[in-house]
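Index from 1, following the sequence.
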Amino acid sequence: MTSNNRNTVQFQQKPAKAGGIKSLQSTLKSIIKSQQPSTNIKSLLKANQDKGFDCPGCAWGDEKQGLIQFCENGAKAIAWESTSKTIDAAFFAEHTVSELKKQSDYWLEYQGRLAEPLRYNAELDKYQAISWSDAFALIASHLNQLEHVDQAEFYTSGRASNEAAFIYQLFGRLYGTNNFPDCSNMCHEASGVALKEAIGVGKGTVTLKDFSFADAIFVFGQNPGSNHPRMMNALRKSARNGCKIVTFNNLKEVALERFASPQDAVELLTPSATQISHAYFTPKLGGDMAAVRGIVKALLERYPQSLDRNFIEQHSQGLESYIELVEQTSWSKISEQSGLTQNDLRQAASVWANSDKVICCWAMGLTQHKHSVATIQEITNLQLLGGHIGKPGAGLCPVRGHSNVQGNRTVGINEKPPEAFIDSLSKVLQTPLPKAPGHNVYHALKSLLSKDSKVLVCLGGNIAQAAPDSERTYQALANTELNVQIATKLNRSHLYMGKDALILPCLGRTEIDRQTSGDQYITVEDTFSMVHASMGNVEPVSRQLKSEVAIIAGIAQATLGNDAIDWSNLTADYSNIRALISACLPEFNDFEQRLDHVGGFYLGNSASEHRWLNVAGKALFNSNPLPDELVPISQIALEDSKRERLLTMQTMRSHDQYNTTVYGMNDRYRGVVNGRKVLFINAQDAKRQQLSDGDLVTITSVWQDNIERQVSDFKIHLYDIPEGNVAGYYPETNPLVPMDSVGDKSFTPTSKAVAVYLQKQVSDRIL
Ligand SMILES: Nc1nc2c(c(=O)[nH]1)N[C@H]1C(S)=C(S)[C@@H](COP(=O)(O)OP(=O)(O)OC[C@H]3O[C@@H](n4cnc5c(=O)[nH]c(N)nc54)[C@H](O)[C@@H]3O)O[C@H]1N2
Ligand SMILES: Nc1nc2c(c(=O)[nH]1)N[C@H]1C(S)=C(S)[C@@H](COP(=O)(O)OP(=O)(O)OC[C@H]3O[C@@H](n4cnc5c(=O)[nH]c(N)nc54)[C@H](O)[C@@H]3O)O[C@H]1N2
Ligand SMILES: [Mo]
């Protein structure tokens with residue numbers, strides 16, 4: 001037997017277009033696989049509609065008109081949640097936790113929805129049923145016994161509603177800590193930090209409408225065909241109206257080349273498709289900052305008329321030193337670091353200069369690097385030069401991931417809360433609340449690793465698989481005295497614990513949430529700062545489920561009592577929570593009434609009104625030098641033979657997954673079927689290292705701590721990817737991302753730039 005048998009993945013030709021009939025077929029398949037086809041079709045028609053529920057897929061906005069507002073991958077997310085399969089104590093009686101650990105992530109979630117509260121029994125190594133009130137009492141007793149309140153960590157994943165997130169932070173702060181690690185620490189943190197410093201608000205400045213007026217849209221480091229399919233409709237519409245789409249992506253993602261709308265009969269049924277990108281550039285991983293610097297250099301040299309002198313004079317600060325820096329940056333450094341030629345960047349600059357209104361979009365390809373904050377500030381500089389912020393049809397658009405990750409931050413999930421927010425919250429509650437910064441994901445994991453922190457509560461998500469450096473992350477969870485997981489489906493985060501652990505099953509977005517005052521709706525904020533209501537419409541999959549709000553309120557009441565807040569009153573009617581949000585956050589005034597408006601309401605954006613709420617009181621040109629090296633490998637002690645072979649690896653999503661939830665084994669748009677242990681590599685790099693398509697390799701990453709981080713049995717695939725770069729899927733490659741390799745100022749794991757070397761495997765040997 002050759003070891004190739006261990007890896008069943010196969011490679012096909014990439015499709016000629018994305019979308020079209022294949023999308024519809026895939027949508028139908030996932031509905032059928034859910035074993036609830038009729039309920040799910042009913043659900044889908046309610047997705048993102050007025051008085052329907054917000055699709056848990058992504059944070060893209062909607063027009064709230066028309067019958068169909070879901071996409072292929074939204075359908076997968078909905079079908080995955082509303083399966084009829086459930087697991088309860090009987091399932092856990094048959095499986096020890098040690099056995100469950102051996103199963104794949106796919107298998108764990110595929111068992112179905114969690115149906116009753118469970119407590120870990122260390123003697124049996126099994127989860128067993130526990131009543132809700134005992135579960136709440138257990139949490140309270142752990143929390144109340146800690147020597148210090150900062151020994152508790154309160155993690156959030158961005159699917160939680162505004163109402164759940166608000167009372168969660170309320171509970172955490174009344175308990176006494178600002179330890180709120182959350183998924184956005186691993187996601188768009190760099191965007192928030194960069195934009196706050198530069199323009200005074202950590203959110204995008206555009207709304208969905210702006211996409212109809214833009215003359216050009218620059219898309220950096222983002223794969224919307226898989227991760228924001230509804231964005232493809234906006235890009236397609238813009239492209240057809242003559243808007244020039246310029247893409248910067250390390251890979252040639254097919255949807256950004258050619259996309260067929262499943263809602264257009266001709267594109268659906270014939271090979272025709274809309275060409276999306278007017279120009280498509282493939283920079284090196286981490287090379288975007290240099291690329292943007294090059295565009296600015298070309299603008300200053302050839303198109304000085306494209307500068308908006310009035311805007312710059314009236315609204316900005318720091319132009320002179322920035323121009324000096326751009327002039328000092330040589331074209332050779334720009335080309336070397338970006339991997340793009342001077343000609344490429346001059347072409348991009350010419351599109352920019354000939355467009356009056358430009359939107360810049362980006363996602364994880366920009367935010368998961370060491371110099372991400374500086375990169376996003378470079379894009380902001382480019383936008384400021386032409387006065388594109390606050391102009392209709394133009395502006396900055398960090399495309400957010402989880403469907404309510406932006407809302408979570410707005411309502412207080414923030415380990416470094418703004419002082420004004422804490423002041424206002426303290427005033428409304430008439431109780432002083434902590435202001436000292438707490439832990440983000442990085443600090444929380446470090447603190448659990450060193451056993452300084454002892455209790456971990458997770459409001460959703462799967463921190464075990466989402467966080468980097470899997471072995472150390474697992475150890476951090478295994479160190480907990482209590483690990484509490486509020487979840488819909490079983491995942492690996494539920495399988496690591498020190499002494500005590502609880503799994504608390506909650507309602508999903510699609511389910512009816514009945515409380516004493518009647519059926520409740522919740523609210524969410526999309527990537528365009530639009531807030532709207534979401535209401536489930538299917539029967540909960542088990543009678544034992546509680547809503548996230550009810551669970552948090554139950555924990556809070558058991559831990560803190562009802563002195564500061566009457567928690568059951570908040571659960572009884574969520575409008576009581578919204579009244580509190582409204583009292584604490586001025587942008588939510590008349591919260592309840594404004595929800596009546598079809599499509600919800602806009603929270604506003606100070607920068608787009610030319611109000612600059614940063615320290616300078618002006619839009620800032622930040623003068624950040626280009627990094628000395630894209631991955632800091634010169635500081636790593638390494639034999640020359642390995643150093644010569646180093647490649648930079650990105651970890652990304654396939655078309656068949658939602659973060660750590662794996663729906664299937666295919667990545668249709670990249671021609672990958674039947675497996676996920678794949679490493680995409682340039683043919684020249686493969687040749688130099690004597691590797692051929694289909695060879696099995698062991699991948700080892702290098703870092704300053706000299707800890708060996710390795711994964712095996714990955715099949716290499718020759719692919720159109722810049723030399724020196726390789727790509728693999730997240731979370732299979734997470735063991736390779738060193739925990740301490742984080743972004744400057746953002747602490748985000750550098751998941752898009754990991755230094756690795758490869759070793760060919762034959763049979764069970766590494767050659
Ligand atoms: N179906 C589905 N939808 C999702 C998700 C999901 O997993 N599945 N996840 C949600 C979440 S939480 C998020 S944050 C978003 C993620 O959305 P994306 O950011 O699109 O997700 P990734 O797969 O990480 O894609 C990174 C893209 O950036 C490119 N890239 C990587 N590094 C670089 C670089 O250095 N420079 C440039 N120019 N390009 C680079 C990659 O080739 C890839 O196309 O999607 C959200 N929506
Ligand atoms: N290497 C690498 N690592 C990454 C990334 C990367 O690109 N590369 N991306 C990062 C990014 S952008 C993000 S956002 C994080 C994601 O990190 P997380 O948000 O922590 O992870 P998810 O996979 O989205 O969480 C999935 C779990 O959420 C639970 N769940 C689903 N719906 C609900 C619900 O309605 N309520 C509750 N309570 N639970 C629910 C289910 O149990 C499911 O197993 O991962 C990060 N990690
Ligand atoms: Mo994300």
Output yes when a side-chain donor or acceptor of [X] lies under 3.5 Å from a complementary backbone atom of [Y], and no otherwise.
X	Y	value
N185	D182	yes
N483	Y496	yes
E511	G508	yes
D744	H371	no
T367	C187	yes
N73	S226	yes
Q151	H148	yes
S426	P432	no
S701	V756	no
Q111	T86	no

Which pair of non-hydrogen atoms, one from [X] and one from [Y], has the smallest distance, and what is that distance?
X	Y	result
W567	G561	NE1-O, 3.2 Å
M739	V742	O-CG1, 3.5 Å
P731	Q465	CB-O, 3.6 Å
K416	P437	CG-CB, 3.8 Å
I463	C458	CG2-SG, 4.1 Å
R409	S184	NH2-OG, 3.1 Å

Check the orientation of [X] and [Y]. Use parallel for under 30°, tilted for 30 to 60°, and perpendicular for over 60°.
X	Y	answer
Y106	Y110	parallel
Y658	H402	tilted
F154	F180	tilted

Can you measure from [atom1] ([X]) to [atom2] ([Y]) and round to the nearest 0.5 angstrom?
X	Y	atom1	atom2	answer
Q557	I552	CD	CD1	13.5 Å
D705	D740	CG	CG	6.5 Å
H494	L100	NE2	CG	11.5 Å
L490	L108	CG	CG	5.0 Å
K126	L118	NZ	CG	13.0 Å

Exercise. Under the criterion side chain to side chain contact (heavy atoms under 4.5 Å, CB included), which of M364, H369, E189 is the partner of T748?
Worked result: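 Answer after filtering M364, H369, E189: E189.
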
Exercise. Testing V549, L545, T488 for side chain to side chain contact (heavy atoms under 4.5 Å, CB included) with C506, which one passes?
Worked result: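 It is T488; the other options fail the test.
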
Exercise. So, Q515 versus T571: side-chain donor-acceptor pair below 3.5 Å or not?
Worked result: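 Short answer, no.
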
Exercise. Does a side chain donor of either D125 or Y120 reach within less than 3.5 Å of an acceptor in the other side chain?
Worked result: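 Yes, Y120 and D125 have a side-chain donor paired with an acceptor closer than 3.5 Å.
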
Problem set entry | Listed once per pair and sorted, the salt bridge (charged side-chain N to carboxylate O under 4.0 Å, His left out) pairs that draw on residues 429-442, sequence neighbours left out |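 For residues 429-442, and leaving out neighbouring residues, the salt bridge (charged side-chain N to carboxylate O under 4.0 Å, His left out) pairs sorted by first residue read E419-K435, D423-K435.
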
Any salt bridge between [X] and [Y], counting N to O under 4.0 Å?
X	Y	result
K677	E732	no
K76	D656	yes
E109	K85	no

Problem set entry | W80 and Y663 aromatic centres sub-6.0 Å |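 Under 6.0 Å, so yes.
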
For this session: Assess whether side chain to side chain contact (heavy atoms under 4.5 Å, CB included) is satisfied between M649 and T651, documenting all intermediate values.
Result: CA-CA 7 Å; M649 179 187 70; T651 64; 3.8 Å; yes

Problem set entry | Result of checking D105, N462, N734, N491 against T660 for side chain to side chain donor-acceptor pair (under 3.5 Å) |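 Looking at D105, N462, N734, N491, the match for T660 under the side chain to side chain donor-acceptor pair (under 3.5 Å) is N462.
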
